[in-house]
4 protein chains.
Amino acid sequence: MVSEHGKAGRPRSEQARAAILHAVDDLLVDVGYGAVTLKGIAERAGVSRQTIYRWWSTKAEILLEASAIDARQELDIAPQDGPVAEITAYLDALRTFLTNSDAGAAYRALLGEAQHDSAVRELLLSSDPIGDSAATVLSRALPDDVLALPRSRAVSSLVGPTFFWVLSGRDPAAMNTHDLALEFIRTAAPSHASD
Amino acid sequence: MVSEHGKAGRPRSEQARAAILHAVDDLLVDVGYGAVTLKGIAERAGVSRQTIYRWWSTKAEILLEASAIDARQELDIAPQDGPVAEITAYLDALRTFLTNSDAGAAYRALLGEAQHDSAVRELLLSSDPIGDSAATVLSRALPDDVLALPRSRAVSSLVGPTFFWVLSGRDPAAMNTHDLALEFIRTAAPSHASD
Amino acid sequence: MVSEHGKAGRPRSEQARAAILHAVDDLLVDVGYGAVTLKGIAERAGVSRQTIYRWWSTKAEILLEASAIDARQELDIAPQDGPVAEITAYLDALRTFLTNSDAGAAYRALLGEAQHDSAVRELLLSSDPIGDSAATVLSRALPDDVLALPRSRAVSSLVGPTFFWVLSGRDPAAMNTHDLALEFIRTAAPSHASD
Amino acid sequence: MVSEHGKAGRPRSEQARAAILHAVDDLLVDVGYGAVTLKGIAERAGVSRQTIYRWWSTKAEILLEASAIDARQELDIAPQDGPVAEITAYLDALRTFLTNSDAGAAYRALLGEAQHDSAVRELLLSSDPIGDSAATVLSRALPDDVLALPRSRAVSSLVGPTFFWVLSGRDPAAMNTHDLALEFIRTAAPSHASD
DNA sequence: CAATAACCGAGACGGTACGTCACGTCTTAGC
DNA sequence: GCTAAGACGTGACGTACCGTCTCGGTTATTG
């Protein structure tokens, strides 16, 4: 019988890997980011600390790997009927992601680390689930010829207000995503503003 | 003779307080937020650790007290000639604050903590240098009768794009604050958009 | 009230110190030298690991401090009537020390370490309970004018045979200390050999 | 064809065995006993750790096998002309072995282990290069009829002083082997003392 | 000449102790 | 009653080896 990994030596335990990623998720929810500890992850996962160090070098890396897929899924909304509905649905998803999702909690924690750790900054920027998802939605809702500003700036204008609202600690329930969507379209595609 | 603070015993040392706040600032610049440590502050300030614990309960509190005044100053811009200039100047100040200022580094660090520590969240929201300064500039540049959306949402639309741009790790130099200002005015005060 | 140590700060806990030294002794007897662990000492003593590191830098240092006083006591025999009795009594004490005493077990363990750790070598040589006690007994039993060889070599001739016998793993019960004493005197003080 | 080891399957690799023993010797000299590690041996020998565990159960066993033959050779001196020369030559060899020889370093390390590990004690006693070599020299230098004490005690008297001198950390250069030999003969064979 | 059996290297696994660091608390002496 | 000094217990850090356990491959002997 031939194993798939092709290299000599005992192959990496997929079970251990899954247990670790799962444990990180659980702990983040249970005890909060500050109290997530490599020791704690190891114990919760039933895995030795050394096994974690073998495959990840920082807490942030594990967290990112544990949440990246979920993050993309949660921000990947189904196509809607018309730009306003599209944008509104996306802003709803973004708000939910940032406030009520485990993956979102991980994202916010990583974003915090990124502010004083350039390694995490790179890591996060290379993943960038918000930027990517916003760009996707945007290209679907507003074609190039109606967009009055560069895509990258349009992304910031789309997600920025919600991003600031939530991260600065304002009440997410007080946001009106439909109005926000209208305002965004007024900025980014004035010709569509009357739709 | 009667002391001013009214209580018996040795009064609080103003010298120690200043030394601590100064040490926090220095350390933040020198070693970065991650390595700012209560032990380190105490040593740099020539103060005992107990003295710090007597007056502050968390690292975040000290950091906030050490940076709040600077933050307000740096975001308090001189009045400009016309809304566009006003908004542009403010966005410049905001970008500089978030990227090149010690107080801004402290703010970003605290914002990171706030994502997983509700006590810091409250603390930061009660200070809110960005929200306050944006509101001030806004009321100066765009009177109520030309503002097409609620003030609180206007604040988010004003600072949100820049906020997201910087905190998500994008290159600050690639921002065009003048265009950003124009876009904001198009959103918030369509009647002024032709100015 | 004035404390004795004269320095500022919390004074060293004599209770912790005693508990540590006691725990080392206990552990050495219970689990053997190889299994004596700093972690184990700390737990047995009800003391934090850090407290141990604060005052000692190696396991050997603790062990030496814990056993040095006992070692000297056990090798300090009461004066006897005549050289032969004196030497015999000393060799008995030495054998008991090396085979049946906790302090002796510590000494043998340290001697082992000293064979491949020069720091321990120095430490042990500076304490040297066997050399010192042998010299004392020797000067009491055989005055200078009857001693046919240098004191330092006499010490080696006195303790060497027993030392080798025990450390090389030979059966201590098969030693005849009285005959050993006679042989030593024949070597060191031929003029007394007929006593 | 019939293999020598009699069993089916691939025979033990003599090359691996030699590489391991050689690596142990090298490491002992290079990094000192304390830092000799099974992992290190395996890497230095270019051998897997499992291969070592297959054939030896402890570090001590490998060390003994690696040094036993050398030890015997170094302590097996050429016959000399007369008892004094014989004994002196042997003590010289013994001193050199214990202080300047790789095999001697291994022996001292094992002796240290033997003090707190009875398995090593047995192992070492069953090899006993010092006891054996001393007995050989002794029987050559002093026939039974001139020996005033049992052979086993004579062995201790012969090697004990040197053994203690070296292992207790005293300066080997300060030993006078010729005088030591004379003293030994005075003890063990008084009738020859005038030779 | 295949099948079998025991070896070999590589390397991941769960453990355990290491020595260090910062934490928050405490107990002194001094002002 | 505040201060500096500094020891205390606690607990996570990242590292090093331990002994065990798969893996893919490699020899020899045996049927």
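In what follows, every chain begins at residue 1, and chains take the letters A, B, ... in the order their sequences are listed.
For the OP1/OP2 pair of E/dC8 and a distance below 4.0 Å, the side-chain nitrogens and oxygens of D/W55 include at least one atom meeting the criterion. An OP1 or OP2 oxygen of E/dC13 is reached within less than 4.0 angstrom by a side-chain nitrogen or oxygen of A/R54. Phosphate proximity of F/dT29 to D/R10: absent, as no side-chain N or O sits under 4.0 Å from OP1 or OP2.
With distances taken from any side-chain atom of C/S48 to the nucleotides F/dG9, E/dT28, E/dT25, the minimum falls on F/dG9. Which of F/dT3, F/dT15, E/dC18 sits closest to the side chain of C/L38 comes down to E/dC18. When distances run from any side-chain atom of A/V47 to the nucleotides E/dC8, E/dG14, F/dC13, the shortest one goes to E/dG14. Between E/dC8, F/dA7, F/dT15, one nucleotide has an atom nearer to the side chain of A/Q50 than all others, and that is F/dT15. For B/K39, the side-chain atoms get nearest to E/dC23 when compared with the rest of E/dG9, F/dT3, E/dC23. Candidate nucleotides E/dC13, E/dT20, E/dA10 were compared by shortest atom distance to the side chain of C/Y53, and E/dT20 ranks first.
Put simply, the side chain of C/S13 gets close to the backbone of C/A16: a donor and an acceptor are under 3.5 Å apart. Distance alone, capped at 3.5 Å, places no donor-acceptor pair between the B/R49 side chain and the B/K39 backbone.
Two residues, C/G46 and A/V36, neighbour DNA chain F, and the one matched to the more 5' nucleotide by heavy-atom proximity is C/G46. With DNA chain E read from its 5' end, the first of the two nearest nucleotides for C/G40 and A/R17 is the one closest to A/R17. Annotation: of the two residues near DNA chain F, B/T51 and A/K59, the 5′-most nearest-nucleotide partner is B/T51. A residue-by-residue look at A/S13 and B/T37 shows that A/S13 has its nearest nucleotide of DNA chain E further toward the 5' end.
Summarising the geometry, the separation between CD1 on C/I52 and P on E/dT20 is reported as 13 Å, rounded to the nearest angstrom. For the pair B/E14 CD and F/dT3 C1', the computed distance is 15 Å after rounding to whole Å. Taking atom CD on A/E43 and atom C1' on F/dG11, their separation rounds to 11 Å, with Å as the unit. Atom pair B/I41:CD1 and E/dC23:P shows a separation of 8 Å (rounding to whole Å applied). When rounded to the nearest whole Å, the span between CD1 of B/I20 and P of F/dC2 equals 14 Å.
Among residue pairs with one or both ends in residues 109-119 of chain B, those qualifying as side-chain hydrogen bond (donor to acceptor under 3.5 Å, both in side chains) are A/R108-B/Q115; sequence neighbours excluded.
Summarising the geometry of B/V36 relative to B/V31, their closest heavy-atom pair is N-CG2, 4.2 Å, with the distance given to 0.1 Å.
A side-chain N or O of D/E61 and one of D/S57 form a donor-acceptor pair less than 3.5 Å apart.
Residue A/R49 places a side-chain atom within donor-acceptor reach of the base of F/dG14, judged by atom type and a 3.5 Å distance cut-off alone.
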